[in-house]
Asker: 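Dumping the structure here so I can ask a few things about it.
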Amino acid sequence: MTPDLPDRPTDTRPFGLKHLFFAFLGLATLFVIYNNERFIVDHADPLWDYYKGVRGALVPHGIAGAVVLILGATQFSTRLRERHTRLHRVFGRCYLIGVAIAASVSIYITLAHNALPLQVAIFTQASLWVLASATAFYCVRRGNYVLHRQFMIRSYAITLIFVFDRLFDALPRVVALDTDVDPTILWLCNVLAWVAPTYIIAWPALARATGTASVASRV
Ligand code: HEM
């Protein structure tokens, strides 16, 4: 059985940077649904035909991905973790199952539907997603909550590639760099999804770094 989560200081700020980010994410996701996923209901959209051969696989992939996107956001709520720890655990398990389904189906889709350059980018994204999520699970089972949190941030950053890749594509001229044979933007997202969490995780220590150590203490 997983031990109880340790006490963490309650975030009493009514509206901080984290809330601002999730508010932006909500709006960005609505934009992506409207801009990129309309084909699900509008079958006159050329994307409906584009996905003809893999529509059956897109259903479990899209549903599992959406569950991960929504549940993942709730996992960063300090209130949910502190007051409803059991729910945090249930959501966490559903998140992991969602990642396992969405990632494995995405490998099938890309092998069936994409050219080799995009297949390599997708395979990298899916592998890092599974790796970060499985590591987060391993850490919490071992009772290491600090590392658990860090790897959940990494895992969720990869989940967010779904939104940010499509946001980049909405910029003029950029969409030409996100194709089957030139997935430059997806590679950019893969790199950012690993670099951004590094800075988010290090931020408290970076903010405290003052450089006041004497020469003697460094030798
Ligand atoms: C590591 C994470 C993910 C990988 C590797 C991945 C992979 C893929 C692949 C290979 C395709 C088909 C692309 C094509 O044929 O051109 C696709 C499409 C799709 N994915 Fe994912 N995906 C991921 C995360 C997500 C998430 C989190 C969601 C849901 C929120 C999602 C929802 C969709 C949807 C709705 C489509 C079809 C429409 C579209 O391409 O915009 N995916 N994904």
Side-chain angles (χ1 to χ4, degrees), residues 22 25-76 91 94-136 151-170 174-194 196-197:
F22 280 106
L25 180 62
L27 291 176
T29 305
L30 289 179
F31 171 76
V32 165
I33 291 170
Y34 171 76
N35 200 43
N36 303 76
E37 314 304 336
R38 255 177 316 178
F39 75 95
I40 296 169
V41 285
D42 175 10
H43 297 174
D45 189 315
L47 276 179
W48 180 252
D49 277 342
Y50 169 75
Y51 283 117
K52 197 173 179 190
V54 286
R55 273 182 220 150
L58 270 184
V59 174
H61 172 75
I63 292 175
V67 166
V68 168
L69 189 66
I70 294 165
L71 289 190
T74 68
Q75 295 300 82
F76 293 99
F91 282 2
C94 295
Y95 179 96
L96 285 174
I97 294 167
V99 168
I101 295 171
S104 43
V105 178
S106 76
I107 299 296
Y108 165 79
I109 297 175
T110 198
L111 289 176
H113 202 231
N114 301 130
L116 188 60
L118 184 57
Q119 286 177 355
V120 176
I122 294 278
F123 188 79
T124 306
Q125 182 191 355
S127 308
L128 291 177
W129 207 26
V130 171
L131 181 68
S133 311
T135 309
F151 277 94
M152 275 308 292
I153 292 174
R154 291 196 170 94
S155 166
Y156 197 61
I158 298 168
T159 304
L160 293 187
I161 291 177
F162 168 75
V163 176
F164 282 88
D165 179 67
R166 286 157 180 80
L167 276 190
F168 280 129
D169 284 354
V174 171
V175 70
L177 297 175
D178 207 15
T179 64
D180 255 39
V181 286
D182 180 5
T184 303
I185 296 301
L186 184 54
W187 277 116
L188 172 71
C189 289
N190 277 335
V191 172
L192 289 180
W194 209 257

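Numbers here simply count residues along the sequence, with the first being 1. Model, not experiment: these values are computed from the prediction. When a ligand or atom number is given, it counts from 1 through the structure's own listing order.
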Asker: Verify, without hydrogens or angle tests, whether Tyr156 (side chain) and Phe151 (backbone) share a donor-acceptor contact under 3.5 angstrom.
Answerer: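 No, because the side chain of Tyr156 does not come within donor-acceptor range (under 3.5 Å) of the backbone of Phe151.
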Asker: Report all N/O contacts between ligand 1 and the protein shorter than 3.5 Å as a table of atom names and distances to 0.1 Å; if there are none, say 'none'.
Answerer:
{"residue": "ligand 1", "atom": "15 (O)", "partner": "His113", "partner atom": "ND1", "Å": "2.7"}
{"residue": "ligand 1", "atom": "15 (O)", "partner": "Asn114", "partner atom": "ND2", "Å": "3.2"}
{"residue": "ligand 1", "atom": "16 (O)", "partner": "Tyr50", "partner atom": "OH", "Å": "2.6"}
{"residue": "ligand 1", "atom": "16 (O)", "partner": "Asn114", "partner atom": "ND2", "Å": "3.3"}
{"residue": "ligand 1", "atom": "20 (N)", "partner": "His61", "partner atom": "NE2", "Å": "2.9"}
{"residue": "ligand 1", "atom": "22 (N)", "partner": "His61", "partner atom": "NE2", "Å": "2.9"}
{"residue": "ligand 1", "atom": "40 (O)", "partner": "Tyr51", "partner atom": "OH", "Å": "2.4"}
{"residue": "ligand 1", "atom": "40 (O)", "partner": "Arg166", "partner atom": "NH2", "Å": "3.0"}
{"residue": "ligand 1", "atom": "41 (O)", "partner": "Glu37", "partner atom": "OE1", "Å": "3.2"}
{"residue": "ligand 1", "atom": "41 (O)", "partner": "Glu37", "partner atom": "OE2", "Å": "2.7"}
{"residue": "ligand 1", "atom": "41 (O)", "partner": "Arg166", "partner atom": "NE", "Å": "2.9"}
{"residue": "ligand 1", "atom": "41 (O)", "partner": "Arg166", "partner atom": "NH2", "Å": "3.0"}
{"residue": "ligand 1", "atom": "42 (N)", "partner": "His61", "partner atom": "NE2", "Å": "2.9"}
{"residue": "ligand 1", "atom": "43 (N)", "partner": "His61", "partner atom": "NE2", "Å": "2.9"}

Asker: Kindly give the heavy-atom pair with the smallest separation between Ser106 and Ala103, and that separation in Å.
Answerer: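 Shortest heavy-atom separation between Ser106 and Ala103 comes out as OG-O, 2.7 Å.
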Asker: Taking only residues two or more places apart in sequence, or in another chain, which ones meet Asp182 in a side-chain hydrogen bond (donor to acceptor under 3.5 Å, both in side chains)?
Answerer: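 With sequence neighbours excluded, Asp182 shows a side-chain hydrogen bond (donor to acceptor under 3.5 Å, both in side chains) to Thr184, given in chain and number order.
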Asker: Is it the case that the side chain of Ser127 and the backbone of Phe123 share a donor-acceptor pair, with hydrogens and angles ignored and the cut-off at 3.5 Å?
Answerer: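 Here the side-chain-to-backbone pair exists.
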Asker: Run the ring pair (Phe, Tyr, Trp, His ring centres under 6.0 Å) test against Phe162 and tell me which residues pass, sequence neighbours left out.
Answerer: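 Expected list: none.
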Asker: Please identify each residue that fulfils side-chain hydrogen bond (donor to acceptor under 3.5 Å, both in side chains) with Ser133, with sequence neighbours left out.
Answerer: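 Ser133 satisfies side-chain hydrogen bond (donor to acceptor under 3.5 Å, both in side chains) with Ser155 once adjacent residues are dropped.
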